[in-house]
Amino acid sequence: MKQYEFSDHTEENYERMVQTVKAFLDGESNLIANLANTSAIINEYVNDINWVGFYLMDKDELVLGPFQGKPACIRIPVGKGVCGTTVEKKETIVVTDVHQFPGHIACDAASRSEIVIPMMKNGEVVGVLDIDSPKLNRFTALEQHYLEAVVKVIEKHLFNLIKSRS
């Protein structure tokens with residue numbers, strides 16, 4: 001059960017989420033702490049999800065970073081699954097039914113839909129925000145807009161840290 005009770009699927013709720021992420025990142029420079037708190041914040045504000053977290057680029061593959069949910073795949077090659085395809089295409093991918101996505105990597109059999117948003121620096125993907133839901137067609141344009149806004153906050157605050165880790 002979520003610690004906070006927010007009305008789901010509202011702009012007001014998602015705007016609070018973005019502001020909360022900004023407040024937590026302000027003044028904190030540790031990459032892992034910031035991504036851990038961001039995944040926890042998203043988990044509190046977005047209902048009907050069963051996994052939220054980050055994968056960071058390490059050479060030519062994604063490596064698991066901070067997350068909330070069941071244990072996950074540790075390494076994902078570029079071009080494989082939704083996360084790897086997001087890196088390859090350099091754009092957000094929303095999958096309404098993961099079982100219809102060619103090459104979907106199933107870390108949790110309960111997941112039915114997914115959104116993956118690239119984190120960019122100088123035109124290159126440095127990581128992704130990955131969110132799964134046990135509901136089909138869970139992620140709307142509203143969630144995409146605000147989750148992309150969260151990624152913009154992360155990009156603004158953490159670019160130098162992400163670069164120094166690669």
Other residues, nucleotides, ligands: >12 heavy atoms within 6.0 Å of F101 CZ
yes

Do K90 and M120 have side chains that get closer than 4.5 Å, going by heavy atoms?
yes

If every non-hydrogen atom of D60 is compared with every non-hydrogen atom of M57, which pair is closest and at what distance?
C-CE, 4.0 Å

State whether the side chain of N34 and the backbone N or O of N30 hold a donor-acceptor pair below 3.5 Å, judged by distance alone.
yes

Between I74 and F54, is there shared hydrophobic-cluster membership here, with clusters defined by ILVMFWY side-chain heavy atoms closer than 4.5 Å?
no

Do Y55 and E61 meet the criterion of a side-chain donor-acceptor pair at a distance under 3.5 Å?
no

Scan for ring pair (Phe, Tyr, Trp, His ring centres under 6.0 Å) pairs involving residues 60-95, sequence neighbours excluded, and state none if there are none.
W51-F67

Nearest heavy-atom pair of Y45 and Y14: which atoms, and what distance?
O-CE2, 4.0 Å

Please check: side-chain N/O of E148 versus main-chain N/O of H145, any donor-acceptor pairing under 3.5 Å?
no

Is there side-chain contact between Q68 and I49, with heavy atoms separated by less than 4.5 Å?
no

Determine whether V94 and Q144 make a side-chain contact, defined as any pair of heavy atoms from C-beta on separated by less than 4.5 Å.
yes

What's the spacing between L56 CG and L64 CG if we round to 0.5 Å?
8.5 Å

Nearest-0.5 Å distance, CG of residue L136 to OG1 of residue T96:
7.5 Å

Give, for atom CD1 of I115 and atom CG of L147, the distance between the pair rounded to the nearest 0.5 Å.
5.5 Å

In terms of side-chain geometry, is the basic nitrogen of K80 or E88 positioned less than 4.0 Å from the acidic oxygen of its partner?
no

Which disulfide bond (SG atoms under 2.5 Å apart) pairs, counting each pair once, include a residue from residues 18-63, with sequence neighbours left out?
none

Show the numbers, then the answer: is there a side-chain contact (heavy atoms from CB on, under 4.5 Å) between V153 and V18?
CA-CA 8 Å; V153 170; V18 174; 4.1 Å; yes

Do NZ/NE/NH1/NH2 and the carboxylate oxygens of R16 and E12 come within less than 4.0 Å?
yes

I need the full list of disulfide bond (SG atoms under 2.5 Å apart) pairs touching residues 55-90, with sequence neighbours left out, sorted by first then second residue.
C73-C107

Distance-minimising heavy-atom pair for S111 and D132:
OG-CB, 3.3 Å

Once rounded to the nearest 0.5 Å, what's the spacing between atom CD1 of I41 and atom CE of M17?
9.5 Å

Do V46 and R138 come close enough that some side-chain heavy atom pair is under 4.5 Å?
yes

Is any side-chain heavy atom of I131 closer than 4.5 Å to a side-chain heavy atom of E114?
no

Would L129 and T38 count as a side-chain contact (heavy atoms from CB on, under 4.5 Å) if you check the C-alpha gap in whole Å, the side-chain angles of each, and the deciding distance to 0.1 Å?
CA-CA 10 Å; L129 167 60; T38 300; 6.0 Å; no

What distance do S113 atom OG and F139 atom CZ have between them, rounded to the nearest 0.5 Å?
5.0 Å

Judged by atom type as modelled, is there a donor-acceptor pair below 3.5 Å linking the side chain of S133 to the main-chain atoms of D48?
yes

Given the rule in the side-chain contact (heavy atoms from CB on, under 4.5 Å) test, do M119 and V125 qualify, once you have shown the distances and angles that lead to the verdict?
CA-CA 6 Å; M119 297 187 303; V125 178; 5.9 Å; no

Hydrophobic clustering (ILVMFWY, side-chain heavy atoms < 4.5 Å, transitive) - are V87 and V63 grouped together?
no

Please step through side-chain contact (heavy atoms from CB on, under 4.5 Å) for the pair N50 and K70, ending with a clear verdict.
CA-CA 8 Å; N50 59 337; K70 291 184 177 182; over 6 Å; no

Distance, nearest 0.5 Å, that separates NZ of K59 from CZ of R75
8.5 Å

Determine whether I154 and L35 make a side-chain contact, defined as any pair of heavy atoms from C-beta on separated by less than 4.5 Å.
yes

